[in-house]
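These notes are about the structure you will find just below.
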2 protein chains.
Amino acid sequence: MSETKEPWLGELLRLAEAEDPVKTVKQGKILEAAIEIFSEKGYAATSTSEIAQRAGVAEGTIFRHYKTKKDLLLSIAGPIAAKMVAPFLMREFAKIIDFPYNWVEDFFRSIAKDRLIFARQNAKLIKILLHEVPFHPELLEQLKGMLTHIVFHRIEKVVLHFQAQGQVIEAPPWRIMRSAASLFIGMIVTHVFLVPEHPFDEDEEVERTLDILMHGISPAGRNA
Amino acid sequence: MSETKEPWLGELLRLAEAEDPVKTVKQGKILEAAIEIFSEKGYAATSTSEIAQRAGVAEGTIFRHYKTKKDLLLSIAGPIAAKMVAPFLMREFAKIIDFPYNWVEDFFRSIAKDRLIFARQNAKLIKILLHEVPFHPELLEQLKGMLTHIVFHRIEKVVLHFQAQGQVIEAPPWRIMRSAASLFIGMIVTHVFLVPEHPFDEDEEVERTLDILMHGISPAGRNA
DNA sequence: AGAAAATGTGAGTGATTACTCACTTTCATA
DNA sequence: TATGAAAGTGAGTAATCACTCACATTTTCT
């Protein structure tokens, strides 16, 4: 199985090198405008002429940098997909020997806080990605590949590690992962997308959600 | 505040009467085709000519029944939004005096099972609704109104009821509700949308998810 | 400075879009 | 069976779409 053929791998390598392929000022304006309008009206309902207008650029300039409108979308959605899973690429996830967390709670807390901040900083991009992913097979495969190969497999090892230590109930790791993901995604979606105007204590929110999760997946206080 | 002005109320009343406004065979074909293609490619990327083609109907026939393309969308998305919250309209939710559930667990179980089955039977419609809701203000307001006035307020009373009985930890009801919703939606999304091909034991899944939720929100086994 | 390359422009193109309308067919009822 | 209404049709329409291309401007390199 040659990993070099996976399209998302190149995405991640480029991300690791922090290589920014944006060359000119106007190209930057085009990207900004596209992100803005795509997140407002959706990709299919956005016209290239409107993007050009908001970017203060001639319509032809868009196609100088991006072969097609879809190419423009992918240059936006691809990187954000990579950045979403990027923190799970950390070396420590592979070898749990020198794992930096002694407690599951600390592990989940650091992920929850980090991804909450990330979501707030990249709300528009995430909205675009989630919205378009079901309709573009390449995007779907890219995201699926990242999630299964990077996120799922790595966190599964972590969960097994903590299960062996008795910190997590005996259950299929995917159920533990799904529970944690559900609770944290529910928290993030609420504050970032549903009621972003409502202020909240970030630490308190994470802590209370974490509390419910930990009581849900800890052996402590169970009779079995 | 005159409730008769709320657009979603009419939706729900019509639903209660089980009134089906579809008059002709061809209109039914149009709806079927539209649901199919909208869920495949999204509303904006679907052309009326394609809908007519798949429905085996002349394009003009669509506009005989629906003034505009958007009108067709709303006639699909509106009813499914109403059906999503319909079970929470049950009388029992209002007066918790003669409440049919003695245990929170039973309450959440019945909701989870019912909505899981509902989601499987209406996957395409739900996909269309969730997809288009952010881009159509009328739809957004309709759904928001339903969720806050019907679902949120009613379930809040139920949670307070069980908190008073000591079955649920002392916490803002919305946090309890969000936790339950997150876990169940996570389960439903997984099985209905992410990996629908993967078979699973429905009861077992609900029971295990419920187990994690209950340990998360029960006072039992806590030291506080 | 001068040549070559990269970037930017906007009028122009054929295809497609949602929607109309004059007309035909089907249906309900008296 | 006659008649008006409802349902169905498909060619036609103006607008908009993504995209091209010959040309202008700026940047880069020698």
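By convention in this document, chain letters (A, B, ...) are assigned in the order of the sequence lines, proteins followed by strands, and residues within each chain are numbered from 1.
- When the side-chain hydrogen bond (donor to acceptor under 3.5 Å, both in side chains) test is applied to B/E207, the partners found at least two apart in sequence or on another chain are B/R109.
- With sequence neighbours left out, B/A58 forms a side-chain contact (heavy atoms from CB on, under 4.5 Å) with B/T61.
- A 4.0 Å heavy-atom criterion places the boundary nucleotides of DNA chain D facing chain A at D/dC17 to D/dA22, written 5' to 3'.
- Listed by residue number, there are no residues of residues 33-40 of chain A with a heavy-atom contact under 4.0 Å to DNA chain D.
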For residues 129-136 of chain B, please give each side-chain donor-acceptor pair under 3.5 Å, one per line with the distance, not counting sequence neighbours.
from: B/H131; atom 1: NE2; to: A/H131; atom 2: O; distance (Å): 3.0
from: B/H131; atom 1: NE2; to: A/H131; atom 2: NE2; distance (Å): 3.3
from: B/E132; atom 1: OE1; to: B/H136; atom 2: NE2; distance (Å): 3.2
from: B/E132; atom 1: OE2; to: B/Y43; atom 2: N; distance (Å): 3.2
from: B/H136; atom 1: ND1; to: B/K70; atom 2: NZ; distance (Å): 3.2

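- Side chains of A/E59 and A/S49: no donor on one and acceptor on the other come within 3.5 Å.
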Q | Under 4.0 Å protein heavy-atom contacts per nucleotide of nucleotides 7-25 of chain C, with B for base, S for backbone only and - for none | A | BBBB------SBBB-B---
Show which side-chain atoms of residues 179-197 of chain A pair as donor or acceptor with protein atoms under 3.5 Å away, not counting sequence neighbours.
from: A/S179; atom 1: OG; to: A/R175; atom 2: O; distance (Å): 2.8
from: A/S182; atom 1: OG; to: A/R178; atom 2: O; distance (Å): 2.7
from: A/T190; atom 1: OG1; to: A/G186; atom 2: O; distance (Å): 2.6
from: A/H191; atom 1: NE2; to: A/E205; atom 2: OE2; distance (Å): 2.4

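- The minimum heavy-atom distance linking B/A44 with A/A44 is given by the pair CB-CB, 3.7 Å.
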Got a list of side-chain donor-acceptor pairs under 3.5 Å for residues 118-125 of chain A, not counting sequence neighbours?
from: A/R120; atom 1: NH1; to: A/E202; atom 2: OE2; distance (Å): 2.3
from: A/K124; atom 1: NZ; to: A/E36; atom 2: OE1; distance (Å): 3.3
from: A/K124; atom 1: NZ; to: A/E36; atom 2: OE2; distance (Å): 3.0

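- By the side-chain hydrogen bond (donor to acceptor under 3.5 Å, both in side chains) test, A/T24 pairs with no residue at all, sequence neighbours left out.
- Atoms CG and CZ, on A/L210 and A/F108 in that order, are 8.5 Å from each other to the nearest 0.5 Å.
- In this structure A/S75 satisfies the side-chain contact (heavy atoms from CB on, under 4.5 Å) test together with A/L31, A/Y66, A/L72, sequence neighbours excluded.
- For the pairing with B/R154, the side-chain contact (heavy atoms from CB on, under 4.5 Å) check across B/V159, B/L89, B/V85 returns one residue only, B/L89.
- Five base pairs at each end of the helix from C/dA1-D/dT30 to C/dA30-D/dT1 define two local axes, and these are offset by 20° (rounded to 10°).
- Every residue meeting the side-chain hydrogen bond (donor to acceptor under 3.5 Å, both in side chains) condition with B/K113, not counting sequence neighbours, appears here in chain and number order: B/D203.
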